[in-house]
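Written out below as structure tokens is the structure these notes cover.
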Amino acid sequence: DKGSGETPSAEDIDKNIKSNPEKAVLVLKRDIKDAGVKIDDETETALATQFDKIKRDKVQRDKISSALALVVSNIESGETSPRDGKIQVAGIANLDPDKDITKQTPPEKIIRNAYKAERARIRDMSKGKGVIHKIISRFISDNQHLMKKDPALKAIFDDQPKFNQFAKKVKKNIRRMFQRRGYEDSEIGNLLERMNVEREMKNAAKKILTERKR
């Protein structure tokens with residue numbers, strides 16, 4: 001179950017998945033850790049499920065193995081940051097092979113799709129909602145590493161009602177901030193629509209998350 005001690009090749013990953021999916025996850029986890037990325041428990045579980053699913057399918061196994069090997073190689077070369085590498089691995093672990101992988105799909109596209117799929121899912125949570133929902137979902141979808149660092153934040157973006165409640169609290173905090181500055185309620189809505197409130201949103205969100213942990 002030890003890591004390979006070097007950058008894993010697609011062939012090695014493929015062989016490990018075919019022989020023992022659970023062992024393949026442990027070896028890959030150690031290889032990625034050597035490259036500077038620590039995989040969380042959730043991603044480890046998702047990889048095990050993914051590997052077990054594709055064990056007997058050579059095309060999907062080969063494609064995912066190549067994508068994972070490329071991610072690790074890019075992290076070690078400095079082409080990909082450890083933060084982005086972590087997001088890419090988690091995205092690959094959660095892809096639907098039957099939907100997102102074909103014989104013609106290159107590993108680079110698998111990596112892009114993995115990141116884009118999670119980005120789109122988070123942004124979809126703000127459809128039909130207000131500007132605060134939109135700002136929060138766009139900020140988080142472009143900074144997915146924040147969810148990896150904070151389980152409480154990830155739980156919010158895995159549950160639409162929780163996200164709605166979270167956005168409502170953020171909006172309430174921002175509204176109070178504008179009221180303290182002397183703005184009337186009739187003015188606040190227009191201000192939220194046309195100004196960049198990302199900093200205020202982040203501060204309000206941080207305050208709410210801190211309160212949740214107490």
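Bear in mind that the values here come from a model prediction, so they are computed numbers and not experimental data.
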**Report entry** L47 CG to I39 CD1 distance, which is reported to the nearest 0.5 Å
**Finding:** 5.5 Å
Query raised in the report: Around atom CD of E108, are there more than 12 heavy atoms of other residues, nucleotides or ligands at under 6.0 Å?
Result: yes
Report task. May I ask whether V27 and V71 are part of the same hydrophobic cluster, defined by side-chain heavy atoms of I, L, V, M, F, W, Y residues being less than 4.5 angstrom apart, directly or through others? Result -> no
Report task. Enter the distance from Q88:CD to L70:CG here, rounded to the nearest 0.5 Å. Result -> 8.0 Å
Query - In one Ile/Leu/Val/Met/Phe/Trp/Tyr side-chain cluster, 4.5 Å: L95, I122 - result: no
Query - Side-chain donor or acceptor of K162 paired with backbone N/O of A155 under 3.5 Å - result: no
Query raised in the report: Should K15 and E11 be marked as a side chain to side chain contact (heavy atoms under 4.5 Å, CB included) after you check the CA-CA gap, both sets of side-chain angles, and the distance that decides it?
Result: CA-CA 6 Å; K15 189 193 313 179; E11 292 77 14; over 6 Å; no
Query raised in the report: At their closest point, which heavy atom of K63 faces which heavy atom of T102, and how far apart are they?
Result: CE-O, 3.7 Å
**Report entry** Interatomic spacing from CZ in F51 to CG in N16 - rounded to 0.5 Å
**Finding:** 9.0 Å
Report task. Report yes or no: do Q60 and D98 form a side-chain donor-acceptor pair below 3.5 Å? Result -> yes
Requested in this report: Report yes or no: do Q160 and N164 form a side-chain donor-acceptor pair below 3.5 Å?
Outcome: yes
Report task. Any chance you could lay out the salt bridge (charged side-chain N to carboxylate O under 4.0 Å, His left out) test for D96 and K53, step after step, and finish with the verdict? Result -> CA-CA 10 Å; D96 181 351; K53 182 176 182 179; 3.5 Å; yes
Query raised in the report: Can you tell me if D12 and S9 form a side-chain donor-acceptor pair at under 3.5 Å?
Result: yes
Query raised in the report: Between S126 (side chain) and K129 (backbone), is there a donor-acceptor pair under 3.5 Å?
Result: no
Query raised in the report: Got a second to check how far T43's OG1 is from N94's CG, nearest 0.5 Å?
Result: 7.0 Å
Query raised in the report: Do the non-hydrogen side-chain atoms of D84 and I87 ever get within less than 4.5 Å of each other?
Result: yes
Query raised in the report: Is any side-chain heavy atom of Q165 less than 4.5 Å from a side-chain heavy atom of I156?
Result: no
**Report entry** Flag if over 12 foreign heavy atoms under 6.0 Å of NZ, K55
**Finding:** yes
**Report entry** Euclidean distance, L68 CG relative to Q50 CD, rounded to 0.5 Å
**Finding:** 8.5 Å
Query - Backbone N/O of I75 and side chain of T80: donor-acceptor pair under 3.5 Å - result: no
Query raised in the report: Would you say the side-chain atoms of S141 and R123 include a donor-acceptor pair closer than 3.5 Å?
Result: yes
Query raised in the report: What closest approach, in Å, do I132 and A167 show between heavy atoms, and which atom pair accounts for it?
Result: CG2-O, 3.7 Å
Query raised in the report: Any chain of hydrophobic side-chain contacts (each under 4.5 Å) joining F139 to M177?
Result: yes
Report task. For the residue pair D52 and T49, confirm or rule out a side-chain donor-acceptor distance under 3.5 Å. Result -> no
**Report entry** E44 side chain near L26 side chain, heavy-atom distance below 4.5 Å
**Finding:** yes
Query raised in the report: Are R112 and D100 close enough for a salt bridge, meaning some N to O gap below 4.0 Å?
Result: no
Report task. Looking only at non-hydrogen atoms, find the nearest pair between G91 and A114 and report the distance. Result -> C-CB, 3.3 Å
Query - E22 vs V25 side-chain heavy atoms within contact, under 4.5 Å - result: no
Requested in this report: Work out which heavy atom in A35 is nearest to a heavy atom in V72; give both atom names and the distance.
Outcome: CB-CG1, 4.0 Å
**Report entry** Short N-O contact, R121 and D158, less than 4.0 angstrom
**Finding:** yes
Query raised in the report: Is the backbone of A69 close enough, under 3.5 Å, to the side chain of S73 for a donor and an acceptor to pair up by distance?
Result: no
Query raised in the report: Quick one: are K154 and E42 in side-chain contact, heavy atoms under 4.5 Å?
Result: yes
Query raised in the report: Taking the inter-plane angle between the rings of F157 and F163 on a 0 to 90° scale, is it parallel (under 30°), tilted (30 to 60°) or perpendicular (over 60°)?
Result: tilted
Report task. Using a 4.5 Å cut-off on heavy atoms from C-beta on, say whether the side chain of V89 contacts that of V37. Result -> no
Query raised in the report: Under 4.5 Å between any side-chain heavy atoms of I17 and S65, yes or no?
Result: yes
Query - Separation between CD1 of I110 and CD1 of I64, rounded to the nearest 0.5 Å - result: 6.5 Å
Query raised in the report: Which atoms form the tightest heavy-atom contact between P8 and D31, and what is the distance?
Result: CB-OD2, 3.6 Å
Query - Ion pair check, R30 and D34, cut-off under 4.0 Å - result: no
